[in-house]
Amino acid sequence: MSKDLVFGIRAVIETIRAGKEIDKLLVQRDLSTAGNLAELLQAAHEFTVPISRVPKERLDRVTRKNHQGVIAFVSAVNYAKLHNVISDVYERGLVPLILILDRVTDVRNFGAIARTAECAGAHAIVIPAKGAAQINADAVKTSSGALNFIPVCREESLVRTVSFLQESGLQVIGCTEKAEKLLYESDLTVPTAIIMGSEEDGITNELIRKVDALVKIPEAGQISSLNVSVAAGVMIYEAIRQRLR
């Protein structure tokens with residue numbers, strides 16, 4: 001059995017109740033909710049584990065063993081509470097720098113972003129409970145171990161997260177090629193959260209409407225946009241440059 005993978009109803013229940021962080025839980029779509037499955041769903045609800053109802057064929061592609069209609073992907077890291085991170089940063093007299101990843105799904109991109117963020121001294125990475133890269137051994141390897149050090153916060157709603165950060169005194173900046181203002185025109189020396197959008201379609205419109213400002217990275221070439229891990233690095237280090245100055 002892979003160390004990132006647990007399958008079988010009882011095994012998954014015990015994994016959840018043991019306090020293991022679960023990236024996602026796949027449950028066969030037509031499986032009866034009676035008996036042990038009802039217990040599993042209750043445990044998942046109590047521990048806020050994201051559940052996806054999928055056809056049996058999807059589960060069979062993950063493993064050919066007797067999964068009993070249930071597969072859990074175990075995270076390689078322990079998630080932090082965002083409110084604890086923010087409180088700790090302020091208590092230490094530091095200026096918060098938070099990175100929010102809106103549906104970044106590529107494990108290698110996520111690992112590279114984590115490596116850059118940790119090297120730069122960012123205080124946390126925030127990801128959504130659904131639609132984010134799986135934080136597995138490959139992600140940790142790609143991050144060169146950075147995921148062992150930088151807090152990762154998993155939130156049910158990024159919209160509510162943005163509101164919480166704004167109420168906590170942070171400005172929230174969205175990085176998108178749709179912006180009019182260059183990132184160099186923003187003051188990133190103040191408490192800041194930076195949103196990077198998905199590889200496919202960038203930041204969701206719902207989040208764009210919530211942010212305090214939108215900025216873009218200047219581009220002069222023929223290709224329309226940077227890889228998200230590269231763009232995140234540019235954004236983070238512009239904040240560091242301003243703060244060091």
Side-chain angles (χ1 to χ4, degrees), residues 4 23-24 26 50 52 54 58 61-62 73 75-77 79 82 97-120 122 124-147 150-162 165 172-183 186 188 192-211 213-239:
D4 297 322
D23 268 338
K24 61 181 176 181
L26 303 183
S52 295
V54 299
R58 168 83 183 277
R61 287 197 297 270
V62 177
F73 294 86
S75 174
V77 302
Y79 294 110
L82 183 58
L97 179 60
I98 306 295
L99 192 62
I100 302 172
L101 303 183
D102 177 21
R103 299 165 301 121
V104 172
T105 57
D106 186 276
V107 170
R108 289 166 296 180
N109 279 338
F110 179 78
I113 290 169
R115 181 177 182 177
T116 300
E118 201 284 328
C119 285
I125 297 173
V126 178
I127 60 173
K130 293 185 178 181
Q134 184 187 343
I135 305 180
N136 54 20
D138 288 338
V140 175
K141 181 179 179 181
T142 306
S143 76
S144 293
L147 283 167
I150 187 168
V152 178
C153 307
R154 183 171 68 180
E155 300 295 324
E156 287 294 323
S157 167
L158 291 186
V159 172
R160 289 199 298 270
T161 298
V162 167
L165 291 170
V172 180
I173 305 291
C175 178
T176 170
E177 67 271 14
K178 301 172 186 177
E180 297 295 328
K181 185 167 68 171
L182 296 178
L183 76 157
S186 288
L188 302 178
T192 299
I194 298 168
I195 303 181
M196 305 302 302
S198 78
E199 298 93 341
E200 298 298 324
D201 55 6
I203 303 171
T204 60
N205 290 331
E206 196 174 17
L207 283 175
I208 283 178
R209 289 191 290 269
K210 287 284 296 181
V211 300
L214 296 173
V215 301
K216 65 180 179 181
I217 298 170
E219 298 169 7
Q222 299 301 309
I223 298 176
S224 60
S225 64
L226 294 168
N227 171 277
V228 65
S229 66
V230 174
V234 173
M235 289 294 300
I236 291 167
Y237 271 97
E238 172 57 18

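Checked against salt bridge (charged side-chain N to carboxylate O under 4.0 Å, His left out), Glu238 has the following partners two or more places apart in sequence or in another chain: Arg241. Residues meeting the side-chain hydrogen bond (donor to acceptor under 3.5 Å, both in side chains) test with Asp138, sequence neighbours left out: none. Residues satisfying the side-chain hydrogen bond (donor to acceptor under 3.5 Å, both in side chains) test with Thr142, not counting sequence neighbours, are none. By the side chain to side chain contact (heavy atoms under 4.5 Å, CB included) test, Ser52 is found to be paired with Leu26, Val54, residues two or more places apart in sequence or in another chain being considered.
In this structure, the separation between CD1 on Ile236 and CD on Glu118 is 11.0 Å, given to the nearest 0.5 Å. One distance of note links CZ of Arg209 with CD1 of Ile203; it measures 13.0 Å at 0.5 Å rounding. Atoms CD1 and CG, from Ile195 and Leu207 in turn, are 5.0 Å apart once rounded to the nearest 0.5 Å. Rounding to the nearest 0.5 angstrom, the gap separating the CD1 atom in Ile125 from the CD1 atom in Ile150 is 4.0 Å. With values rounded to the nearest 0.5 angstrom, Ile135 atom CD1 is found 3.5 Å from Tyr79 atom OH.
Listed here is the closest heavy atom pair of Ile100 and Leu165: CD1-CD1, 3.7 Å. In plain terms, the two heavy atoms of Ile113 and Ser229 that are nearest each other are CG1-CA, 3.5 Å. The two atoms that bring Ala132 and Pro128 nearest to each other are CB-O, 3.6 Å, heavy atoms only. Between Val104 and Gly197, the shortest heavy-atom contact is CG2-O, 3.7 Å. Pairing each heavy atom of Tyr237 with each of Cys119, the nearest pair is OH-C, 3.8 Å. Counting all heavy atoms, side chain and backbone alike, Ala114 lies closest to Leu147 at CB-CD2, 3.7 Å.
Each of Leu101, Val172, Leu183, Leu97 was evaluated against Ile194; a single residue qualifies, Leu97, per the side-chain contact (heavy atoms from CB on, under 4.5 Å) test.
Put simply, the side chain of Lys178 does not reach to within 4.5 Å of the side chain of Leu214, judged on heavy atoms. Side-chain contact check for Val215 versus Met235: some heavy-atom pair is nearer than 4.5 Å. At least one side-chain heavy atom of Ile217 sits less than 4.5 Å from a side-chain heavy atom of Cys175. Looking at heavy atoms from C-beta onward, Asn136 lies out of side-chain contact with Phe73 at the 4.5 angstrom threshold.
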Any chance you could lay out the side chain to side chain contact (heavy atoms under 4.5 Å, CB included) test for Arg154 and Asp23, step after step, and finish with the verdict? CA-CA 9 Å; Arg154 183 171 68 180; Asp23 268 338; 4.2 Å; yes

Ignoring hydrogens and angles, write down the donor-acceptor pairs under 3.5 Å from the side chains of residues 155-162, residues two or more places apart or on other chains.
{"unit_1": "Ser157", "atom_1": "OG", "unit_2": "Val159", "atom_2": "N", "d": "3.4"}
{"unit_1": "Ser157", "atom_1": "OG", "unit_2": "Arg160", "atom_2": "N", "d": "3.1"}
{"unit_1": "Thr161", "atom_1": "OG1", "unit_2": "Ser157", "atom_2": "O", "d": "2.8"}

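No more than 12 heavy atoms of other residues, nucleotides or ligands lie within 6.0 Å of CZ in Arg115, so this atom counts as exposed by the packing criterion.
Listed for the Ser186 side chain is no donor-acceptor partner under 3.5 Å among the backbone atoms of Leu188. At least one donor-acceptor pair under 3.5 Å links the side chain of Asp102 to the backbone N or O of Thr204.
Identified under the salt bridge (charged side-chain N to carboxylate O under 4.0 Å, His left out) test for residues 194-207, with sequence neighbours left out: Arg103-Asp201.
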